[in-house]
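One structure below.
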Amino acid sequence: MASYMVPVAVRSSAMFLLTKRAQTVKKVCLLTQSCTAECSSCWRLFSPSVSSRSSSSDSAAADLCGSGDIVGHFERLVQRGSLTTDVQQRYVLQRLALLQQSLKTYTNNTYLNLPPTQHCKDHSMQPQTDDSATTKTEPHPQQPPPPPKGLYIYGNVGTGKTMLMDLFYSHVENSHKKRVHFNSFMLDIHKRIHRRKQSLPKRRLGEMFTYDPISPVAMEISSEICLLCFDEFQVTDVADAMILKQLFETLFKTGVVVVATSNRPPDDLYKNGLQRDTFLPFIDVLKEYCHTVCLDSEIDYRRLDRPAAGKLYYLTGEPGAEAYLDTLFEELALRQKSVTGPRVLTVLGRDVTLQKTCGSIADCTFDELCGKPTGASDYLEMAQIFDTVFIRHVPKLTLTLKDQARRFTTLIDNFYNHKVRVVLLAAAPLERLFVHTGGEDERDRQLLDDLGLSDEAAERLTLFTAEEEIFAFQRTVSRLREMQTEAYWMEGDRSYSRRHMNS
């Protein structure tokens with residue numbers, strides 16, 4: 001009897017997930033239809049990433065696109081009950097509304113045509129501030145007026161930063177704009193740098209020459225857009241840290257306006273990172289060209305009770321847990337016009353093999369996704385191909401599993417940003433999945449010796465303390481909680497969205 005009840009229970013859960021979707025998905029499709037065409041033409045190398053996650057309710061998703069008064073739009077959503085009254089959110093939105101108005105007729109063409117010497121040597125051209133009208137100074141006759149000053153919005157997880165930025169982005173009446181996750185942006189920067197290096201003529205034996213592709217890459221981006229909106233600005237990679245100052249200095253000087261969200265204030269970016277001294281000048285550049293605004297209402301709106309999409313998080317010790325996932329996979333696979341089998345993804349010239357897939361569904365183990373040297377580019381490719389991913393055998397992530405924890409955080413960031421649905425089988429409840437214990441492993445000891453660092457130095461570096469992983473995992477837990485809601489699950493059904501739009 002028990003062996004029969006498991007599939008029946010799962011079949012009921014699967015039917016719940018596959019039905020009762022019309023109202024939620026209709027809202028999502030309206031958003032996708034009106035935004036996707038606009039986003040895809042802005043930046044050819046980035047897939048559209050129209051994030052419509054509300055800080056209070058996903059029912060606000062359909063209302064994000066449009067033009068006009070952002071604050072008035074926000075107030076109407078509050079009056080309708082789609083959003084909760086939040087004084088701090090309103091304040092941040094008022095700052096964004098000021099910037100929106102200044103971008104209506106803004107173009108950075110003037111800055112692109114400046115002589116190279118002005119791009120590189122002119123430090124007198126400061127960005128304008130909100131009160132520039134009262135403190136305006138006569139610009140130099142040969143210089144254009146200063147560009148609008150952007151915004152850097154930071155605060156705890158789930159406070160509505162992404163929702164506000166998306167609301168702002170959808171109201172900006174300027175076609176030269178792009179909204180992108182920071183990880184995706186940096187992946188594209190590395191690709192562009194690599195492509196430029198590959199295009200250089202081969203050196204002859206004995207010849208020496210240097211080439212710095214970062215400024216040309218920044219100029220290339222500046223010629224494509226004048227507004228760049230980042231979600232989840234974070235720096236954990238030393239290679240990114242070394243690039244950012246020069247890259248953004250050129251972007252800012254060529255008139256690109258930046259709006260970014262982050263969980264960290266600017267001064268804490270790349271905190272205790274390797275060679276952080278060389279990164280600190282970037283923070284000064286960022287604060288010079290962006291207002292810093294804190295959004296911290298001490299409410300994680302993702303924690304508020306919202307209808308769950310059935311059972312999507314299973315514990316390894318639960319009787320029949322594996323059978324639940326097997327049956328749910330089979331139910332979802334019935335809707336796919338494909339057969340179940342392995343699939344090979346080619347990412348940056350490498351092959352990444354997933355052993356069990358069916359159309360837009362992948363059934364993977366944690367080791368398959370995070371136990372190997374995979375990274376953001378691999379997860380981004382998966383997010384673009386699959387709309388549902390099963391992740392089995394997620395272990396308790398102790399400090400001795402820092403690498404796996406980093407990958408898991410990056411995986412969930414990419415999946416969340418592209419509305420990929422996940423079903424997990426884990427060794428512990430979500431709130432206890434990341435354990436802040438564990439000892440130093442042999443590789444840490446070897447790296448310390450190779451770098452010539454003392455134990456005292458290691459205690460300050462996040463590379464060894466896992467401080468960054470602990471901080472980032474708070475965001476991961478918050479996002480995984482939202483990914484289990486009915487609204488998220490319905491919005492992530494790409495096959496239904498495509499059929500709805502085609503009809």
Side-chain angles (χ1 to χ4, degrees), residues 3-26 28-29 32 58 306-316 318-345 352-366 368-369 379 381-394 411-412 414-426 430 479-503:
S3 61
Y4 175 77
M5 289 301 292
V6 169
V8 170
V10 177
R11 184 167 285 107
S12 299
S13 179
M15 290 305 296
F16 171 79
L17 296 173
L18 299 176
T19 56
K20 297 182 180 179
R21 71 178 83 194
Q23 184 176 3
T24 303
V25 176
K26 181 178 179 181
V28 175
C29 290
T32 308
D58 284 304
R306 285 186 284 178
K311 188 171 174 63
L312 301 174
Y313 192 99
Y314 296 85
L315 296 176
T316 306
E318 286 184 75
E322 291 274 8
Y324 272 99
L325 268 68
D326 291 341
T327 306
L328 183 54
F329 178 87
E330 291 168 7
E331 291 283 350
L332 295 173
L334 289 175
R335 304 170 59 228
Q336 301 292 318
K337 297 178 181 179
S338 182
V339 296
T340 300
R343 183 163 182 176
V344 179
L345 314 180
V352 178
T353 302
L354 301 181
Q355 295 299 330
K356 185 180 179 182
T357 69
C358 183
S360 63
I361 306 171
D363 192 349
C364 309
T365 65
F366 178 85
E368 195 175 2
L369 296 175
Y379 302 141
E381 182 73 13
M382 294 175 196
Q384 291 169 347
I385 294 174
F386 303 107
D387 67 5
T388 308
V389 177
F390 289 65
I391 309 174
R392 302 182 187 238
H393 311 307
V394 180
L411 172 77
I412 298 303
N414 278 277
F415 283 5
Y416 179 85
N417 197 49
H418 290 79
K419 279 294 183 183
V420 177
R421 309 178 300 181
V422 297
V423 182
L424 289 100
L425 177 62
L430 183 55
R479 290 184 162 182
L480 282 171
R481 188 176 290 109
E482 181 183 342
M483 292 166 84
Q484 296 175 59
T485 63
E486 179 184 354
Y488 182 95
W489 184 273
M490 297 302 183
E491 189 175 346
D493 189 346
R494 297 175 195 170
S495 61
Y496 184 87
S497 299
R498 283 193 294 269
R499 291 198 304 272
H500 182 87
M501 286 189 287
N502 290 338
S503 62

Heavy-atom pair with the smallest gap, counting every atom of [X] and [Y]:
| X | Y | result |
| --- | --- | --- |
| E482 | T485 | O-OG1, 2.7 Å |
| P342 | T357 | C-OG1, 4.1 Å |
| F329 | C358 | CZ-CB, 4.0 Å |
| G492 | D387 | O-CB, 3.5 Å |
| I361 | A333 | CD1-N, 3.8 Å |

Contact between [X] and [Y] at the side-chain level, heavy atoms closer than 4.5 Å - yes or no?
| X | Y | value |
| --- | --- | --- |
| Y416 | L480 | no |
| K356 | T340 | yes |
| Y488 | R481 | no |
| Q484 | L430 | yes |
| I391 | L411 | yes |
| C364 | L354 | yes |

Are the side chain of T327 and the backbone N or O of Y324 linked by a donor-acceptor pair below 3.5 Å?
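Pair absent, no side-chain N/O of T327 close to backbone of Y324.
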Using atom types as modelled and distance alone, determine if a side-chain donor or acceptor of E368 lies under 3.5 Å from a backbone N or O of Q355.
yes
Ring centroids only, cut at 6.0 angstrom: are F415 and Y379 within range, meaning strictly under it?
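No, the ring of F415 stays outside the 6.0 Å limit from the ring of Y379, centre to centre.
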Before you tell me yes or no, could you show the steps for K419 and D493 under salt bridge (charged side-chain N to carboxylate O under 4.0 Å, His left out), namely the whole-Å CA-CA distance, both residues' side-chain angles and the distance that decides it to 0.1 Å?
CA-CA 9 Å; K419 279 294 183 183; D493 189 346; over 6 Å; no
Could I get the full list of salt bridge (charged side-chain N to carboxylate O under 4.0 Å, His left out) partners for E318, not counting sequence neighbours?
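E318: salt bridge (charged side-chain N to carboxylate O under 4.0 Å, His left out) contacts with K311.
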Listed by chain and number, what are the salt bridge (charged side-chain N to carboxylate O under 4.0 Å, His left out) partners of E322, not counting sequence neighbours?
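Residues passing salt bridge (charged side-chain N to carboxylate O under 4.0 Å, His left out) with E322: R392.
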Report the C-alpha distance between V423 and L325 in whole Å, list the side-chain angles of each, state the deciding distance to 0.1 Å, and finish with yes or no for side chain to side chain contact (heavy atoms under 4.5 Å, CB included).
CA-CA 8 Å; V423 182; L325 268 68; 4.2 Å; yes
Only counting residues at least two apart or in another chain, list the ones meeting side chain to side chain contact (heavy atoms under 4.5 Å, CB included) with V344.
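Listed in chain order: D351, T353.
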Could you tell me which residues satisfy ring pair (Phe, Tyr, Trp, His ring centres under 6.0 Å) with Y313, sequence neighbours excluded, listed by chain and number?
none
Against F390, only a single residue in V422, L332, L312 fulfils side-chain contact (heavy atoms from CB on, under 4.5 Å); can you say which?
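The side-chain contact (heavy atoms from CB on, under 4.5 Å) with F390 is passed solely by L332 among V422, L332, L312.
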Reported CE-to-CZ distance for the pair M483 and R479, which is rounded to 0.5 angstrom
9.0 Å
List in chain and number order the residues that pass side chain to side chain donor-acceptor pair (under 3.5 Å) with T388, two or more places apart in sequence or in another chain; answer none if no residue qualifies.
R421
